[in-house]
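The structure appears right after this line, and notes come after that.
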Amino acid sequence: MSSRLIGVGVGPGDPELVTVKGVNALWEADVVVVPVMAAPDGTDGGERGRAEATVLHYVGAENVVRVVFALNERADRARREAAWDAAGERVAGLLREHAAVAFATIGDPNVYSTFTYLAQTVGALVPGTVVETVPGITAMQDLAARSGAVLTEGTEPLTLVPVTAGSSVLKEALHGPGTVVAYKFGRQAAEVAEALRESGRLDDAVWGSALGLPEESVRPAGELDGAPLPYLSTLIAPARREGGRGGKL
């Protein structure tokens, strides 16, 4: 019988935002893999990531397997590829030993997730592996709830931009219609603030980081002073809305 690799979205950090289906998937798996950021030498740096911290609210540490990923490696492609190969081999080994292996990922496994690359790698190493995903609540949904920002109304589009793709991509989106959400913009906070000013969308925008955690911060984007923010910061710039209730229907 083929082994199952299940990507489980565990939300942005608040353990209460893991879905019932997600919790059941974690409980039913033989082991739960959590991604660990690599130290400079490529080994386990020892830091407990957000996904692991969330999983440990539901699963005993004895059933959790930490696997090192080059989550923060962008400059050295060869090093990144080697790390991905090693991580894939580690998970492939688990799938050869167990019927069901869950992989916990923050947010949703189909939205900018490490799980996508892992599933591709493992599929080549263990042919016949059944890949499944359990959706999770995203940071933009959590930030909208915590800030009161409305993501979409009526016929408005919603644009999601990873600022790691460059600030020009964000600027283009901000000059278009609908709500714009920016992920991973902490290191380019100054450029993001300038793009919001240029597009006239600074006043209504909001940013947040460490959502659902003790160090949570949810603040108006107008307070951005150019200082770097946590890497996983999220921004919502709501659509320009006129015409009152139902104006976009």
For a 4.5 angstrom cut-off between non-hydrogen side-chain atoms, does [X] reach [Y]?
X      : Y      : answer
Thr133 : Ile6   : no
Val20  : Val23  : no
Val131 : Val122 : no
Asn63  : Val32  : no
Val8   : Leu26  : yes
Val163 : Lys184 : no
Pro220 : Val206 : no

Under 4.5 Å between side-chain heavy atoms, counting indirect links through other Ile/Leu/Val/Met/Phe/Trp/Tyr residues: same cluster for [X] and [Y] or not?
X      : Y      : result
Tyr117 : Val10  : no
Val18  : Trp27  : yes
Val67  : Leu118 : yes
Leu229 : Val181 : no
Val64  : Val33  : no

Just verifying a value: how many Å separate [X] [atom1] and [Y] [atom2], rounded to the nearest 0.5 Å?
X      : Y      : atom1 : atom2 : answer
Thr121 : Arg90  : OG1   : CZ    : 15.5 Å
Glu194 : Ser167 : CD    : OG    : 10.0 Å
Tyr112 : Tyr183 : OH    : OH    : 8.5 Å
Leu224 : Arg219 : CG    : CZ    : 8.5 Å
Arg201 : His175 : CZ    : NE2   : 9.5 Å
Leu95  : His98  : CG    : NE2   : 9.0 Å

Residue from Leu160, Ile236, Leu174 passing side-chain contact (heavy atoms from CB on, under 4.5 Å) with Val180
Leu174
Measure from the side-chain N and O atoms of [X] to the backbone N and O of [Y], and report whether any donor-acceptor pair falls under 3.5 Å.
X      : Y      : value
Thr179 : Leu151 : yes
Ser217 : Ser209 : no
Arg4   : Ala99  : no
Glu156 : Glu153 : yes
Thr54  : Arg50  : yes

Please test Arg48 against Val34 for side chain to side chain contact (heavy atoms under 4.5 Å, CB included), starting from the C-alpha separation and ending with a verdict.
CA-CA 9 Å; Arg48 177 177 290 176; Val34 294; over 6 Å; no
Residues which pass side chain to side chain contact (heavy atoms under 4.5 Å, CB included) with Leu235, listed by chain and number, not counting sequence neighbours
Ala182, Phe185, Val192, Leu196, Ala205, Trp207, Ala221
Minimum heavy-atom separation for [X] to [Y], with atom names?
X      : Y      : answer
Ala51  : Ala104 : CB-O, 3.8 Å
Gly13  : Leu213 : O-CD2, 3.5 Å
Val161 : Ala173 : CG2-CB, 4.0 Å

Show which side-chain atoms of residues 134-146 pair as donor or acceptor with protein atoms under 3.5 Å away, not counting sequence neighbours.
| from | atom 1 | to | atom 2 | distance (Å) |
| --- | --- | --- | --- | --- |
| Thr138 | OG1 | Gln141 | N | 3.4 |
| Thr138 | OG1 | Gln141 | OE1 | 2.9 |
| Gln141 | OE1 | Thr138 | N | 2.8 |
| Asp142 | OD1 | Arg146 | NE | 2.7 |
| Asp142 | OD2 | Arg146 | NE | 3.1 |
| Arg146 | NH1 | Glu216 | OE1 | 3.1 |
| Arg146 | NH2 | Asp14 | OD2 | 3.2 |

Which residues share a side-chain hydrogen bond (donor to acceptor under 3.5 Å, both in side chains) with Thr105, sequence neighbours left out
Ser113
Take a 6.0 Å sphere around CD of Glu97 and say whether it holds more than 12 heavy atoms from other residues, nucleotides or ligands.
yes
List the steps, then state whether side chain to side chain contact (heavy atoms under 4.5 Å, CB included) holds for Leu5 with Val130.
CA-CA 6 Å; Leu5 176 62; Val130 176; over 6 Å; no
Does the gap between the ring centers of Phe69 and Phe103 come in under 6.0 Å?
yes
Stepwise side chain to side chain contact (heavy atoms under 4.5 Å, CB included) check, Ile106 with Leu232
CA-CA 11 Å; Ile106 59 172; Leu232 291 177; 3.8 Å; yes
